[in-house]
**Q** 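This structure is in structure tokens; I'll ask about it shortly.
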Amino acid sequence: MMINSISVKDFNLQHTLECGQFFRFVKHNGWYYIGHRNKLFKVKQKGNRLLYSNITETFLKRFFNLDFDYDRIFKKTRNKHISKARNQFKGLRLIKQDPWECLISYVCSANNNIPKIKKMIAQLCKEFGRKVKLDEVIMYSFPAPGKLNSKNKIKNCVYTGVKTKSILEINKKMNSSRLNQLKKQSYQTALNKLTQLYGVGPKIANCVMLFSLDFLEAVPVDIHMKKVLVKKYSLVDACDTRLTSKAMNCFGKYGGIFQQYLFYQQRIKDKD
DNA sequence: TGCCAGGTCAACT
DNA sequence: AGTTGACATGGC
């Protein structure tokens with residue numbers, strides 16, 4: 001298989017993949033093998049070169065958001081916590097995920113840790129997707145909208161009845177084109193439509209909007225971000241929706257990007 | 001053993 | 001409108 005490469009700047013592959021935004025990848029022989037929709041490709045970073053195989057350069061640039069100017073965004077904020085997190089994880093970029101895959105993935109994320117989220121998604125792909133192979137690595141394509149229609153099989157993958165119900169309902173009511181239409185709506189409209197889905201609250205909706213629908217102002221507030229908001233910004237609220245609004249007011253137009261740096265920093269801190 | 005994880009919903013007051 | 005408990009599992 002042919003290996004290609006491009007020059008990258010302000011990009012760190014490890015931070016980008018391991019910061020907790022994205023779940024379908026494995027490390028093998030120094031490469032990251034990445035599954036997305038029906039694709040399986042591999043990438044590896046050597047300094048300012050990004051090596052890749054089994055995808056086009058166009059796809060790679062779009063997926064890793066490589067043409068987006070992060071310096072410009074971070075220059076606008078004088079917040080010391082954000083600047084510090086940026087220095088610590090320079091090169092972390094938000095991945096442009098497929099909206100359908102992102103929505104189902106984050107429904108799995110509720111009240112779970114990241115290794116288990118990865119496992120549940122991998123099980124859904126194995127049960128409902130098609131086998132794809134690259135080198136010695138075998139993965140499975142992400143089940144297309146409409147395919148997630150067997151209650152028992154879903155439950156074997158995600159364990160809980162609540163998540164099974166949620167995935168069944170989303171599979172029936174939602175699809176890629178409806179999700180893509182939300183990109184044109186206002187933040188509030190898109191949020192309302194997503195949170196109408198069973199199992200999708202403000203946190204998951206903000207993840208889907210930030211990671212797949214281009215709402216860079218969306219700030220998902222989970223357990224880690226709550227700690228950050230209290231300790232560093234003195235923001236507290238018993239109501240998640242109000243706390244999210246406060247955080248978004250505080251962080252501004254690109255708040256979701258800043259959030260990802262702060263989230264990763266806090267998550268690493270909690271581990272040790 | 002007990003607590004927690006990229007939360008959400010239903011059932012209370 | 002605000003608060004509380006259930007949810008299934010694995011890792012520490």
Side-chain angles (χ1 to χ4, degrees), chain A residues 15-25 85 89 92-95 97 99 101-124 126-127 151-170 173-174 191-213 215-216 218-232 235-248 251 255-272:
Chain A
H15 292 332
T16 298
L17 283 174
E18 297 188 358
C19 71
Q21 60 178 321
F22 182 76
F23 306 106
R24 293 227 294 139
F25 66 93
F89 303 112
L92 190 169
R93 286 172 182 265
L94 294 201
I95 290 173
Q97 302 188 36
E101 181 164 343
C102 189
L103 173 59
I104 298 293
S105 297
Y106 275 93
V107 162
C108 294
S109 77
N111 197 27
N112 265 319
N113 54 43
I114 288 174
K116 186 131 165 275
I117 298 163
K118 283 183 177 174
K119 186 181 171 189
M120 289 162 60
I121 295 168
Q123 287 175 162
L124 280 174
K126 185 166 186 180
E127 182 63 61
K151 189 175 174 183
N152 287 336
K153 286 181 181 173
I154 293 169
K155 187 153 190 196
N156 285 337
C157 298
V158 303
Y159 310 119
T160 79
V162 174
K163 287 191 175 114
T164 303
K165 183 180 167 188
S166 172
I167 289 171
L168 278 171
E169 186 192 297
I170 290 168
K173 293 190 180 167
M174 199 41 94
L191 185 80
N192 289 345
K193 292 201 173 158
L194 286 169
T195 51
Q196 278 169 18
L197 298 167
Y198 181 83
V200 180
K203 190 276 175 180
I204 290 172
N206 274 279
C207 282
V208 174
M209 291 171 70
L210 174 62
F211 297 135
S212 74
L213 299 178
F215 289 89
L216 299 183
V219 175
V221 178
D222 75 314
I223 189 82
H224 299 292
M225 275 309 291
K226 276 180 189 167
K227 286 186 202 168
V228 172
L229 293 175
V230 173
K231 286 199 290 199
K232 296 187 167 158
L235 295 179
V236 196
D237 202 308
C239 168
D240 284 348
T241 300
R242 275 201 307 264
L243 183 57
T244 300
S245 297
K246 288 180 182 176
M248 286 178 61
F251 292 155
I257 296 177
F258 303 148
Q259 168 277 151
Q260 195 58 32
Y261 283 74
L262 294 167
F263 163 82
Y264 190 31
Q265 186 181 51
Q266 179 63 40
R267 191 165 72 82
I268 283 178
K269 205 180 294 176
D270 282 347
K271 274 205 263 194
D272 43 61

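Quick note on labels: first sequence line is chain A, next is B, and so on, each numbered from 1.
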**Q** Between dT3(C) atom C1' and Asp237(A) atom CG, what is the distance in whole Å?
**A**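 Nearest whole value for this atom pair: 13 Å.
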**Q** Short question: side chain of Ser166(A), backbone of Val162(A) - any donor-acceptor pair under 3.5 Å?
**A** no
**Q** Could you measure between the two P atoms, the one in dA6(C) and the one in dG6(B), and give it in whole Å?
**A**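 Going atom to atom, P in each nucleotide, I get 22 Å.
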**Q** Do the ring planes of Phe251(A) and Phe258(A) sit parallel (below 30°), tilted (30 to 60°) or perpendicular (above 60°)?
**A** perpendicular
**Q** For the side chain of Lys126(A) and the backbone of Cys157(A), is there at least one donor-acceptor N/O pair under 3.5 Å apart?
**A**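 Not a single qualifying donor-acceptor pair exists.
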**Q** Is it true that a side-chain atom of Thr16(A) and a backbone atom of Arg93(A) form a donor plus acceptor pair closer than 3.5 Å?
**A**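 Looks like yes, one N/O pair under 3.5 Å.
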**Q** Does the Gln21(A) side chain pair with the main chain of Gln97(A), one donor and one acceptor, at a distance under 3.5 Å?
**A**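 Absent.
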**Q** Compute both the distance and the angle, then confirm whether Lys118(A) meets the cation-pi test with Phe25(A): under 6.0 Å from the six-membered ring centre, within 45 degrees of the axis.
**A** yes
**Q** What is the separation between atom NZ on Lys119(A) and atom C1' on dA5(B), rounded to the nearest whole Å?
**A**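 Going from Lys119(A) (NZ) to dA5(B) (C1'), I get 15 Å.
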**Q** Can you check the Met120(A) CE to dG10(C) C1' distance for me, whole Å?
**A** 12 Å
**Q** Could you check how far CD1 of Ile154(A) sits from C1' of dA8(C), rounded to whole Å?
**A**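 Spelled out: CD1 on Ile154(A) to C1' on dA8(C) is 16 Å.
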**Q** Considering only the P atoms, how many Å lie between dA11(B) and dA8(C), rounded to the nearest integer?
**A** 15 Å
**Q** Nucleotide by nucleotide, 5' to 3', does protein get under 4.0 Å of the base (B), only the sugar-phosphate (S), or neither (-) in nucleotides 6-11 of chain B, counting heavy atoms?
**A** BBSSS-
